[in-house]
Amino acid sequence: MSTVANTIFSPETAARFDKLVTIYPLKRSALVPMLLYAQDEIGYISDAVVTEIAQRIDLLELDVHNVLSYYSMLRTKPAGKYNVQVCTNISCMLRGGYEILDHCKHKLGIGHKETTKDGVFSLEEVECIGACCWAPAIQINYDFHDDLTPDKVDVLFQMYRDGQGKDVK
Amino acid sequence: MPDVKFTVDGKQLTAPAGTLLLEACKTAGIEIPAFCYYPGLSLQAACRMCVVRIEKMPKLQTACTTPVAEGMVVTSESPEIAQARKATLQLLLGNHPLDCPVCDAGGECELQDMTFKYGAADSFYAEPKNHREEQKWSPVVYFDRPRCILCYRCVRMCGEGMDVFALGIQNRGSSSVIAPNVPAQMSPDDLAHVDCEQCGMCIDACPVGALTSGTYRYKTRPWEMNHVSTICTHCGDGCKTTLGVRSTSDGSEIVRGDNRDKSGINNDFLCNKGRYAFDFANNEDRITQPLVRQPSGEMKPVSWEVAFDHVGKKFRELRDTRGGKSIGVIGSNRTTNEEAYLLQKFARTVLGTNNIDHHRTADYATFAHSLAGMTDRAASLKDTLTAPAIMILGGDPTIQAPATAWNIRTNVRNNRARLYIANASEIKLRRQAKAFAHIAPFSYGALASFIAGDDSAVDSLTHPGADAASFHNFRNAVRAEEQLLVLIGSDIRGGDLKRLLAFGTTMPNRKFALLSDYVNSRGAADMGLLPDLLPGHTTLAGNTTFAEYNAPSEPGLDMLEIFEAAGRGDLSALYVVGSNPVSRYGVDPSSLKNTFLVVQDMFLTETAALADVILPAANLYEKSGSVTNSYGDLQLVSKAGDRAGVRTDFEMIVRIADKMGANMRELIPFGKGPRGAGTHGDMGQSRGAHSGEADQHAVWLAANNMEPKLSPFDPFAILDEIQRLVPGYNLLRLQLLSGNDQHLQPAVSTANLVQISNRRDLVLPANDTLFTSGTLGRYSTMLSDLQHNESLRPPTGLTQIQTAAD
Ligand code: SF4
Ligand code: SF4
Ligand code: SF4
Ligand code: FES
Ligand code: FES
């Protein structure tokens, strides 16, 4: 049972939020985890998400926006079904990360933080994703793909298009 | 706290432990530059301009966050420090538009000053500047992102200072931006806005020209104005406001209101009205010629001479044929003490009537009589900033007395003052309160009784949201306070007020203040604009103080009775000075058809529209004199604006009296005369106790091309008499003339204290809000814009939302 009537979240997420507010000395500390879980469930941080989270932890919506806008991993527009995050930090850059990024842009016909028309893919250039040993690496949703070449990327995209990619959020 | 000793630039200094190094240096006259630091707000340490070298510390330290410590050795300026500050400036200027030649802040900009000082004219940054268009957040708040140096003063000012939290910070690093609380996507016009109290404090705090005000932006430059310190004409707090004026073809126009020197009782604060709502003075609709009604019914412009002649003759004739008792006089809450005093003296001694009243917005007569003979019971506005505990009964200072609310918030935040509030509404200040007693509607009488110890009154206070125990707890907590400042709203008056004060004054260390609505509401009452009380709340019967008046000893007609008399055809004439009773009291216009009505006003108000003679008046910003705020703090009003074709109420009263053939030297003690100063110009010699003192008044007169004390139009001639006769107004002349406030204790002479409890309750609270100010407010374009702006949003604006629970 959620403490918020008419919650926009699933019962599981709502229950998780109810718990979250109780485990920090200050309620507002639950803000960032809530935003992340909300993004996973809704796909992005919508105005409705901002409103409900503000309500849950007694913040002004402005406060939620302040924090939300600070973090580039939180988005306020829907991403594609598969969000492709290409690392161009030092290790990946040295091993062709930019080539991979350019290839993705070309292949998908979209740029940084854009989504394909059919809504299947979105693309983002990101900082180190912690897979330096196997650079260059990309992350699609929560799934990692490493030691990439442009050809391997083509195979990956086809796999996801065919519905065989992992769909973990 | 004990003092610590430390050294700055080789100078031995001492300061109380815990003092911030920056403040300690400021006190010692050592300036340390600071962009993000703002006294009284939380520390930010964001700008790095205040860096100093402290021995034994590895890096430069921020003076704005470092408390002084015993034996600390500090260098505040050195080539190393200058280089560090210069580097900071170069970074700031990296994305600064440098549009100083058109920027409002040019000439008053802290960034400009620092760049000038540290010479960061050359920059290593060649990156293209990140331009954004200016944004209009409200009719009064504009934001220019490129000029912002991200000091976050505005954010803290609005959140901590105003308790509004309308401004936030979005994004990060160099793309950080100050964001208002109504984002573009939530706005009908797709533009970002602020939903807030529109006080302009953020603009005031902004060290650069990133936040600018709708009334002033792009109008002029600071050095092109004259700056006059005077008193805000709006609420009863009486803030000092500095008006920037510029010459125009028909006088001088006020272009800006702000709080430049922060030397007034309001310290840092000004609300939107003090800052912006001076614009009524520049309104096109002002009357600038005397108008006299012709037999045809039309109003015809006439010369001043003709108008005064006409009024003087009529008044004299009506007084002589129908008696002074057939004449009524209504005074103003916004004229000076000198004008109010002169008006009642004119009524009582020249017209020969006690039929004089004003729009009463609080019951000062009861207040003064209840505190008669006591000392140190009446609080000053300053006490709200320092009292360890404050109780507010009724009223809503946030919107009715914003400076009071600001002081209280500051006191709670910085001194941990304990605030107790009892109110029938959930007023915003409850957010700072330690205890909030939510009383049932219309139960202020019961509240006064309950606080005064009558337990049976609690039943009237309770309602489903609050039980009797909660009120007992509240009262116990308040009684346990050793020192308490009690602020009383205009909801409590008459017998209730008397009971409350009678009880309160039995407790030690209790001080009181009664809040009213306009700049000189208190002064109007103190100066005797009342039918039954002479100046200083002196009763008519048995009074010796004003024996020289030879005034009628019977109380006159009050405000309502005056209009009743008019309705019966018993009022031969009515003289209205700076008031709009027809609208305020819903007077039937036809009741005045047989009354000769003379109105002194700026505008064609509902009352003026019925007048036989309209005399165009100057407002408080166009005259000199003194005013008394709700608390009894007396302050100097100085002439700022000017408008061709208007005259002060003071001058008009004098001229009418003259035309009536009154003895001018008895009315005004000027020049040679029974109570005047003698033939010589009075340079202060004849002021009794002040004899021989240097007198700035003479300087003022000379500056205004008048002869010292040889002119009957000199308000300070009347001030002499006020000082001589009015109980409680034994003021310090030099203090007044230096532009300092002074607190006056009500001093009703106990010798002729009589029962006044049977007075009719004629208090009519004005119920003004942040965006209204009586009739005057209707002629302020800015206030109308702000009202319209408010109406665009549902009344449950974001500003009353509960904020972070920590
Ligand atoms: S209330 Fe409005 S005008 Fe006042 S500081 Fe906040 S944003 Fe600025
Ligand atoms: S707008 Fe002004 S006060 Fe606010 S952060 Fe920018 S420079 Fe500082
Ligand atoms: S608080 Fe009152 S006196 Fe002060 S600026 Fe506002 S309206 Fe004027
Ligand atoms: S640099 Fe790409 S994963 Fe670490
Ligand atoms: S004033 Fe000290 S860091 Fe800004």
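When reading the values below, keep in mind they use all heavy atoms of this one structure, side chains included, and skip hydrogens, waters and symmetry mates. Chain A is the first sequence line, chain B the second, and so forth, proteins listed ahead of strands; every chain is numbered from 1.
Around the NZ atom of K107(A), the shell of radius 6.0 Å holds no more than 12 heavy atoms that belong to other residues, nucleotides or ligands. Counting non-hydrogen atoms of other residues, nucleotides and ligands closer than 6.0 Å to NE2 of H112(A) gives a total above 12. The number of heavy-atom neighbours closer than 6.0 Å to NZ of K113(A), taken from other residues, nucleotides and ligands shown, is above 12. Counting heavy atoms of neighbouring residues, nucleotides and ligands inside a 6.0 Å radius, atom NE2 of H131(B) exceeds 12 of them.
Taking CG from D47(A) and CD from Q185(B), the interatomic distance works out to 5.0 Å, rounded to the nearest 0.5 Å. Annotation: the span from L59(A) atom CG to F165(B) atom CZ amounts to 10.5 Å, rounded to 0.5 Å.
Closest approach of L62(A) to P180(B), counting heavy atoms only: CD1-O, 3.5 Å.
Between S72(A) and R172(B), some side-chain heavy-atom pair lies under the 4.5 Å cut-off.
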